[in-house]
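Residue numbers start from 1 in every chain, and the chains themselves are labelled A, B, ... in the order their sequence lines are given, proteins ahead of strands. Everything quoted here is computed from the prediction, not taken from an experiment.
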There are 2 protein chains.
Amino acid sequence: MELDQRKQRVLRAIIIDYISTAEPVGSRTLAKKYDIGVSSATIRNEMSDLEEMGYLEQPHTSAGRVPSDRGYRFYVDSLMEGIQLEEQEVGVIKSLYKSKVKEFESVVKQTARVLSQTSDYLALVQGPRLKESVFRYLQLLPLSESKALLVLVTEDGFVQNKVIDVHGYADVQELQSVSMILNNYLQGHTLGTIGRGALRDLLTELSSYQRFLKELMEGLEVTSSGSDGEKIYLGGTANIIKQPEFQDVVRLQNILSTLEQEALIYDLLSHNDFGRGVSIQIGGENSLPELQECSIVSATYTLEGKTVGKLAVIGPKRMNYPRVIALVDVVTRSLSEFLADSLR
Amino acid sequence: MELDQRKQRVLRAIIIDYISTAEPVGSRTLAKKYDIGVSSATIRNEMSDLEEMGYLEQPHTSAGRVPSDRGYRFYVDSLMEGIQLEEQEVGVIKSLYKSKVKEFESVVKQTARVLSQTSDYLALVQGPRLKESVFRYLQLLPLSESKALLVLVTEDGFVQNKVIDVHGYADVQELQSVSMILNNYLQGHTLGTIGRGALRDLLTELSSYQRFLKELMEGLEVTSSGSDGEKIYLGGTANIIKQPEFQDVVRLQNILSTLEQEALIYDLLSHNDFGRGVSIQIGGENSLPELQECSIVSATYTLEGKTVGKLAVIGPKRMNYPRVIALVDVVTRSLSEFLADSLR
DNA sequence: AGTTAGCACTCACGAAGATAGAGTGCTAAC
DNA sequence: GTTAGCACTCTATCTTCGTGAGTGCTAACT
């Protein structure tokens, strides 16, 4: 069944009211506060219909109604109007990306902070996906009698480093030669494709460095695999505590421990790949049982059209969607721009 | 006044009981559960004395007693016995540091995780203090028309990187030359001492790179200053919620927001520099008002005798001190050993 | 047919009171 | 110096009860 004009008006009013009060909304409140144009009795009938259709829920018989996941979804898709952020607010965000000397990691960290502060919810920024970056350059530096430092740089200017065991002394000369050979060969490879077999083609060329070839391969491989390089930065953990729906200590604990498991977060963000721009998961739409009461507004930041990482705001289903969407959008753009600038 | 044998016995029993129950301890409980050898009435008198002397506090008139900061301090300094961790537990911790290919940052992160999991409190690990590390090597790589990547490596094998603006095209050759000059000159300097004036002595040598000298200086400076390089990793945020004393939502929020401010944490850890080994701050002994109800057990991990960073466990004053001390100790040692191994 | 007023009914929530129980401090006897 | 006994204090918990917001239904109204 379609939602007629009046049902939409009612639903919209309920959601708006509930978002700002966190209290179940009753028909009388609605009739008084919002200009629906009919009496509370009529609204009651509409609400009853909306509940039957799955857009509303009732916490208990004699309470007002609360939006269901479906209700929120309809609101987000059809009822909500986008908003424009204050100039000044946008300014605050953009100023973050103006600093001259830039270490990417601290930029990511600050992004998480600013996103949590402006939204008043929890923010989450995933560092660059090295796996998908292209190899640019590596350097092997002697550290000691038997250890060397492997520094690896991608085309985008991301750096990764490891200590590897070279099993016995390797001098600068020797490491330099290996570096050169590898640099020539790996040029242009995507890090994700540099697997254990990567060096097979070079076996003859590298034969004199037999003793640490295995370590080197592992070094290159781990560097580029899994969630290794994709650190996740949280901001505003304390913000979720403010929300009345998360006063429950057990639930809070579940949420926090979930957020500490980077692998889960990684899944959370990758499942939500539909389409470009800002994407929204409401309540049960996300895959983590502990986050069923949350909504997640996320987006992908890019460099030269390629995905670098994701960022998200996590809040109660009752979140201020228009504002959060606008924030995520502007932060994502700013961060992408910043990256582009770093290479300009 | 000195605490006689019996007062000490009473104090000890109270603290042990309170640590395990989180409930104010009464005289009758004490007489029954602990072998003090006198009646509850006598214990009452002793408790009254102990309160007068500042070792105990009473939440309200008709409740049992609770240890004061001073009480805990006496316990930690004089009454408590150290414990030995289970072999198996030590094994779990040490196994963390056995992996072959090592990226230091992920090791630090895992340290925070294991420390929080084994202690069941919140753990905190501060990354390497680059400021105090010695310059080893730097490399400038062209990123684009006008940007270059500055990669900086310390003697300990820590890596830091930045994007700097070179104002117009700089080719590999050019950047290589600058790198060489800087490498020669900065050899052996402590990063903290590479200030804005660092390159003054090289002005003539570098005169042909005038256009990006300023940026370069800033790059080198920021790299080594402030809390920039000293990232702080948290583990087990969810653990503090378990503690009955932190059920209060407002307090919890204060604690969490405090912990997100790295600068504060940095202060917290540096104030506590007395002596070697594991150090303990109880309640009001730390400088942060939001953490007055917490105790902090911290230690310094080192490389070749020099401080690299700190780590800490934060829990309620009512924490299991012997266990946490043992854990912090073994983790600190393991991490230091791991670092030493990386350079061996 | 759709809308509205009226009304009985439900149910969570908060205040108020009652009760229990743990604990203290004091006194007097041992 | 130690202990038993006892009156007193105070919190935590449970129950009860009233209140008010809200619903759903019915019957009248437009």
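An OP1 or OP2 oxygen of dT4(C) is reached within less than 4.0 angstrom by a side-chain nitrogen or oxygen of S39(A).
Ionic pairing of K109(B) and E262(A) is present here: one or more N-O contacts between side-chain nitrogen and carboxylate oxygen are shorter than 4.0 angstrom. The existence of a salt bridge linking E57(B) and R65(B) is excluded, since no basic side-chain nitrogen approaches an acidic carboxylate oxygen closer than 4.0 Å. A salt bridge links D77(A) to R73(A): at least one charged side-chain nitrogen sits closer than 4.0 Å to a carboxylate oxygen.
Remark: P of dA21(D) and CD of E23(A) are 12 Å apart, rounded to the nearest angstrom. Rounded to an integer number of Å, the gap from CD of Q5(A) to P of dG2(C) is 17 Å. Look at OH on Y18(A): it is 14 Å from P on dG22(D), rounded to the nearest Å. For the pair I36(B) CD1 and dG1(D) C1', the computed distance is 17 Å after rounding to whole Å. With rounding to whole Å, E46(A) atom CD is found 18 Å from dG22(D) atom P.
Panel note: side chain R9(B), backbone I36(B); a donor-acceptor pair is recorded below 3.5 Å. When atom types are taken as modelled, the side chain of T21(B) and the backbone of D17(B) share a donor-acceptor pair closer than 3.5 angstrom. N286(B) places a side-chain N or O within 3.5 Å of a backbone atom of G283(B) that can act as its donor or acceptor partner.
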Dot-bracket, DNA chain C: Watson-Crick or G-U, under 3.5 angstrom, [ ] crossing, | other strand?
||||||||||||||||||||||||||||||

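Between I314(A) and I240(A), the closest side-chain pair of non-hydrogen atoms is not below 4.5 Å.
Scanning for side-chain contact (heavy atoms from CB on, under 4.5 Å) contacts around T332(B) gives A299(B), Y301(B), L311(B), V328(B), S336(B), with sequence neighbours left out. Under the side-chain contact (heavy atoms from CB on, under 4.5 Å) criterion, K32(B) pairs with R28(B), not counting sequence neighbours. Annotation: side-chain contact (heavy atoms from CB on, under 4.5 Å) contacts of N320(B) (sequence neighbours excluded): Y121(B), P322(B), R323(B).
Considering K7(A), R6(A), R44(A) in turn, K7(A) is the only one that fulfils the salt bridge (charged side-chain N to carboxylate O under 4.0 Å, His left out) rule with D49(A).
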Scan nucleotides 28-30 of chain D against the protein and return all N/O pairs shorter than 3.5 Å with their distances rounded to 0.1 Å.
none

Do nucleotides 13-30 of chain C as a string where each nucleotide becomes B, S or -: B if the base has a protein heavy atom under 4.0 Å, S if just the sugar-phosphate does, - if no protein is that close.
----------SBB-----

